[in-house]
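Residue numbers count from 1 along this sequence. Values reported hereafter were calculated over all heavy atoms of this structure, with side chains retained and with hydrogens, waters and symmetry mates removed.
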Amino acid sequence: MSELERHSYDVLVIGAGGAGLRAAVEAREAGLRVAIICKSLFGKAHTVMAEGGAAASMGNVNDNDNWMVHFRDTMRGGKFLNHYRMAELHAKEAPDRIWELETWGALFDRTKEGKISQRNFGGHEYPRLAHVGDRTGLELIRTMQQKIVALQQKDGKQYASMESNVKVFAELTITDILKENGRVSGAYGYWRESGAEVLFEAPTVIIATGGVGKTFKITSNSWEGTGDGHALALKAGANLVDMEFLQFHPTGMVWPPSVRGILVTESVRGEGGVLTNTAGERFMFNYIPDVFKEIYADNEAEADRWYVDQDNNRRPPELLPRDEVARAINSEVKAGRGTEHGGVFLDVSKRLSAEVIKKRLPSMWHQFFELAGVDITKEPMEVGPTCHYVMGGVEVDPDSAAAVGVPGLFAAGEVAGGMHGSNRLGGNSLTDLLVFGRRAGIGAAQYFKSNGKNPVSDSAIRTAATRIQAPFDREGGENSYALHAELQEVAHNLVGIIRTASELEDAITQIADIRKRSANVSVSGGRKFNPGFHLAFDLDNMLLVAESTAKSAILREESRGGHTREDFPGMNNKWRQINHISSFDGVQVNVRQQALPALPKELFDLFDIHELEKYMTQEEIAKGGTN
């Protein structure tokens, strides 16, 4: 065995998407030495898939917008299960983070007056999404990468080496977060190309690994979305909060099979696209929940007028929050009014000219034309729900992004839970990355300055190394591809959009069985260029995530946001006060209930009391928020 490659840093950032890069910038600017780990190529993070825009109440298109309206919309979208402090910080700080990006070189679309343009999106009261056509995430990543390079160039002049204080390790997988004396001491992993092992000694680790979509058969997520950060945190002793809440984006491509699940941005509906079933009916008018009836139009005439006069008309129901739209499409397909491929139609060609569509939705036009042979300037798109985003994630302190229970561990972005409650509004993810990525960087810097180094022991290294070698030492064991396909079927069929107790019980049993068999996964061939080797570790992560999701879902006996129980179809105000906390004891995931922090009075008072009565118990209303 060749000698172990070792690195020493102050802060280790796992994940090179928006949250990870924003955290790295903040930690470096605080004077720390930072390593950025990237599972795939630098710049290919899943953030680039965020198309529609970044939500921030800048008030550039409608000056009635402000942080309080954005906070209210976020809480409504999450059905009041959000951690209020995260939603508050996000709404207050999002505009500054967008303006900051612009000073770093981001080129946003403009209004006629030259301000950053903002577009409409589901669940947002005003046009609030700063955008770059339908390629906003790509611009965010491009800008953040350029900022990292600028910091490296500055270091190059000062220290004669551009990588002296910020270094990117691309195509590297982390398999373990290491601890000594109960605190983080570093991380262990391997180069994906060669399989050679690497040790990072770092007393602070920021997890920014994104989502879990590859646990499901149909997903908008790229191959990297295997819940690595969720599982690393669990195994390190951290908690996951509310893992039952997965967002199925209502509009993924459904045909041909090669593109199934690829995202169709919500901007299509924001710009005027309408949903119809095979009978040509605009069915969303039939699915407006009572809590939204005052805000959404119940007839086509008013819905169409809204596009030209938003102050005097209610919004089209196509712009309901994503969970509502996904359930409606699912219901239409189940009722036999869907397409032969299990989708519905989304049409923007009747409202916008071909020229405008190509200007405002260039990626969508190109995607459908090239991949599906459909010209969206002339014909409808065929769309259906696709597993898109996980609201659940690492339980963190809202102000510092510190993972609860593990000193030295931080989490930001999709891997962190709490911010979005039971359902995320479109556009809130990109500003979530920026707001909490920055806060994680600040939190990590403060922690490091107070605690200093925490050396890794030889025994911790041996344990981590043995785990990586294990699949090669087994012969004739289970195949990781076969087990992954089984897991995806179980998740898709039993833990999908609509759930029941009996199906969830079945899922828990089957996941436990797959998990048992996965302990006997064997990998043939060497370590070089061996995808079966990578999947053995990804599978372990996805099994922990799936177990957390199924066990949290069976306990929540109500329907809320992304979690729909056929056997408990309504929202229950008592359940709104409960978070589900998943932890791992080394053998299985255990889920317990924990009280949700109560809204403080000044935030409670931002809502109309009659609206709160739809979500809260009489006792909560009587308290009027905590002081």
Side-chain angles (χ1 to χ4, degrees), residues 3-16 19-20 23-38 163-169 172-190 197-209 228-240 394-397 399-412 415-416 436-437 439-468 583-586:
E3 197 175 327
L4 177 65
E5 182 182 335
R6 304 173 79 117
H7 299 278
S8 178
Y9 284 90
D10 303 333
V11 178
L12 181 67
V13 179
I14 307 173
V25 167
E26 203 63 28
R28 177 66 202 110
E29 290 191 328
L32 273 55
R33 293 188 67 243
V34 183
I36 300 166
I37 310 287
C38 165
E163 293 185 330
S164 55
N165 291 305
V166 182
K167 184 165 180 176
V168 177
F169 294 81
L172 193 146
T173 289
I174 294 293
T175 50
D176 277 293
I177 288 169
L178 307 176
K179 284 162 68 178
E180 299 294 337
N181 310 313
R183 299 194 323 238
V184 165
S185 58
Y188 200 86
Y190 65 90
E197 292 166 33
V198 191
L199 167 69
F200 292 91
E201 295 200 67
T204 54
V205 171
I206 298 170
I207 302 177
T209 49
D228 300 4
H230 289 77
L232 284 169
L234 270 183
K235 288 187 267 196
N239 300 321
L240 303 183
V394 181
E395 186 187 16
V396 293
D397 169 72
D399 289 78
S400 67
V404 173
V406 185
L409 189 63
F410 297 80
V415 74
F436 293 105
R439 282 186 167 268
I442 294 169
Q446 288 172 343
Y447 175 89
F448 176 80
K449 286 169 183 176
S450 305
N451 294 277
K453 295 282 185 187
N454 187 26
V456 176
S457 65
D458 288 343
S459 67
I461 296 170
R462 277 195 302 275
T463 304
T466 304
R467 213 167 85 75
I468 291 178
S583 57
F584 182 55
D585 62 11

Spatial distance of atom [atom1] ([X]) from atom [atom2] ([Y]) [nearest 0.5 Å]:
{"X": "T466", "Y": "I461", "atom1": "OG1", "atom2": "CD1", "value": "11.5 Å"}
{"X": "R467", "Y": "D176", "atom1": "CZ", "atom2": "CG", "value": "4.5 Å"}
{"X": "N181", "Y": "N454", "atom1": "CG", "atom2": "CG", "value": "6.0 Å"}
{"X": "Y188", "Y": "R6", "atom1": "OH", "atom2": "CZ", "value": "9.0 Å"}
{"X": "Y9", "Y": "I36", "atom1": "OH", "atom2": "CD1", "value": "9.5 Å"}
{"X": "E163", "Y": "F169", "atom1": "CD", "atom2": "CZ", "value": "7.5 Å"}

K449/L32 under side chain to side chain contact (heavy atoms under 4.5 Å, CB included): CA gap, chis, key distance, verdict: CA-CA 9 Å; K449 286 169 183 176; L32 273 55; 3.7 Å; yes
What are the two closest non-hydrogen atoms of [X] and [Y], and how far apart are they?
{"X": "A233", "Y": "I207", "answer": "CB-CD1, 3.9 Å"}
{"X": "A27", "Y": "V34", "answer": "CB-CG2, 3.8 Å"}
{"X": "R439", "Y": "A401", "answer": "C-CB, 4.5 Å"}
{"X": "V394", "Y": "A403", "answer": "CG1-CB, 3.9 Å"}
{"X": "A460", "Y": "V456", "answer": "CB-CG1, 4.2 Å"}
{"X": "L172", "Y": "I37", "answer": "O-CG2, 3.6 Å"}

Donor-acceptor contact below 3.5 Å, side chain R28 vs main chain V166: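 Here the side-chain-to-backbone pair does not exist.
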Listed partners of F448 passing ring-ring contact (aromatic ring centres under 6.0 Å, His included), at least two apart: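 F448 satisfies ring-ring contact (aromatic ring centres under 6.0 Å, His included) with no other residue.
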Would you say the side chain of [Y] lies within less than 4.5 Å of the side chain of [X], judging by non-hydrogen atoms?
{"X": "D10", "Y": "K453", "answer": "yes"}
{"X": "L232", "Y": "V205", "answer": "no"}
{"X": "I206", "Y": "L12", "answer": "no"}
{"X": "I174", "Y": "D228", "answer": "no"}

Residues L178, E180; criterion side chain to side chain contact (heavy atoms under 4.5 Å, CB included); working and verdict: CA-CA 7 Å; L178 307 176; E180 299 294 337; 5.7 Å; no
Partner residues of S185 under the side-chain hydrogen bond (donor to acceptor under 3.5 Å, both in side chains) criterion, sequence neighbours left out: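 Applying side-chain hydrogen bond (donor to acceptor under 3.5 Å, both in side chains) to S185 gives none.
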Worked verdict on V404 versus V396 for side chain to side chain contact (heavy atoms under 4.5 Å, CB included): CA-CA 5 Å; V404 173; V396 293; 5.7 Å; no
Aromatic ring pairing F200/H7, orientation class (parallel under 30°, perpendicular over 60°, tilted between):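 Rings of F200 and H7: parallel, under 30°.
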